[in-house]
Trainee: 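Right, I'll just put the structure down here and ask away after.
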Amino acid sequence: MRIRRAVISDVPAVDALLQAAAEGLGPAVFCRDEADFLAKHIAEQGFILVAEEEALAGMVLVRFPGLAEDHLGRELGWVPERLVRACHMESIAVHPRYRGRGLQRALLQAAEAAVGAQYDDLLATVAPENAASLHNFRRMGYEVAAQVRKYGGYDRYILLKHRT
């Protein structure tokens, strides 16, 4: 399995992967990003890593929200100085054909390595019903920092990994 940084030409394949990953889960468990958000994200707000074998198997979207209004740290009452030292592990998806092979953890490890030491806090959201994803994040050192309603009113845990 090869993990690499996505480029704009990968957006249609990443979009198809997100659609396949979301099938049967419903928005209460997985809210997928749209293609225009993916393209804008690659160009301006962070990066996407993709895992591939013979096809696209998984992806992780990393976002540097700065002081954005939707920064997850705002839900935790953080001051601006802390907000700018945090990034989001915004979306992680694995194609159903590749589930059960540890790919979510591999993508998360690669994303953390790519972020480097520049960010003290890593934040993510996961649906309380998504036991597999929650387990993977916890194994990687993330802890539940809060439970909030996000993405159209769905319950989500805000996960935090403090690295300093």
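The shown structure was predicted, so the numbers you read here are calculated from the model rather than taken from an experiment.
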Trainee: Give the cluster check for V62 versus L122: same hydrophobic cluster or not, with ILVMFWY residues linked at side-chain heavy-atom distances below 4.5 Å.
Mentor: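 Cluster IDs for V62 and L122 match.
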Trainee: Does D70 pair with R63 as a salt bridge, N-O distance under 4.0 Å?
Mentor: yes
Trainee: When you check the gap from the basic side-chain N to the acidic O, do D121 and R82 get nearer than 4.0 Å?
Mentor: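 Yes, charged N to carboxylate O under 4.0 Å.
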Trainee: For A13, give me all partners under side chain to side chain contact (heavy atoms under 4.5 Å, CB included), at least two apart in sequence or on another chain.
Mentor: L56
Trainee: Using the side chain to side chain contact (heavy atoms under 4.5 Å, CB included) criterion, which residues pair with E75? Sequence neighbours excluded.
Mentor: V148, K150, I158
Trainee: Run the side chain to side chain contact (heavy atoms under 4.5 Å, CB included) test against Q147 and tell me which residues pass, sequence neighbours left out.
Mentor: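 Per chain and number, Q147 pairs via side chain to side chain contact (heavy atoms under 4.5 Å, CB included) with P128, D155, Y157.
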Trainee: Can you confirm whether I3 sits close enough to L107 that some side-chain heavy atom of one is under 4.5 Å from a side-chain heavy atom of the other?
Mentor: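 Side-chain contact under 4.5 Å: yes.
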Trainee: Among residues at least two apart in sequence or on other chains, which ones pass side-chain hydrogen bond (donor to acceptor under 3.5 Å, both in side chains) with R101?
Mentor: E53
Trainee: By side-chain hydrogen bond (donor to acceptor under 3.5 Å, both in side chains), which residues pair with Y142, not counting sequence neighbours?
Mentor: E112
Trainee: Run the side chain to side chain contact (heavy atoms under 4.5 Å, CB included) test against H135 and tell me which residues pass, sequence neighbours left out.
Mentor: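 H135 satisfies side chain to side chain contact (heavy atoms under 4.5 Å, CB included) with R139 only.
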Trainee: Using a 4.5 Å cut-off between side-chain heavy atoms of Ile, Leu, Val, Met, Phe, Trp and Tyr, which other residues end up in the same hydrophobic cluster as V79?
Mentor: none
Trainee: Just so I know, are the side chains of R163 and V115 near enough to count as touching, which here means a heavy-atom distance under 4.5 Å?
Mentor: yes
Trainee: What closest approach, in Å, do A21 and V94 show between heavy atoms, and which atom pair accounts for it?
Mentor: CB-O, 3.7 Å
Trainee: Which residues satisfy the salt bridge (Lys or Arg N to Asp or Glu O under 4.0 Å) test with R97, sequence neighbours excluded?
Mentor: none
Trainee: With ring pair (Phe, Tyr, Trp, His ring centres under 6.0 Å) as the rule and sequence neighbours excluded, what pairs involving residues 83-109 come up?
Mentor: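 For residues 83-109, and leaving out neighbouring residues, the ring pair (Phe, Tyr, Trp, His ring centres under 6.0 Å) pairs sorted by first residue read H71-H88.
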Trainee: Applying side-chain hydrogen bond (donor to acceptor under 3.5 Å, both in side chains), can you list everything that pairs with N136, at least two apart in sequence or on another chain?
Mentor: Q104, R105
Trainee: Please list, chain by chain and in numerical order, all residues satisfying ring-ring contact (aromatic ring centres under 6.0 Å, His included) with Y119, sequence neighbours excluded.
Mentor: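 ring-ring contact (aromatic ring centres under 6.0 Å, His included) check on Y119 returns F64.
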Trainee: Among all residues two or more places apart in sequence or in another chain, which pass the side-chain hydrogen bond (donor to acceptor under 3.5 Å, both in side chains) test with E52?
Mentor: R2, R4
Trainee: Could you tell me whether the side chain of L18 reaches within less than 4.5 Å of the side chain of M59, counting heavy atoms only?
Mentor: yes
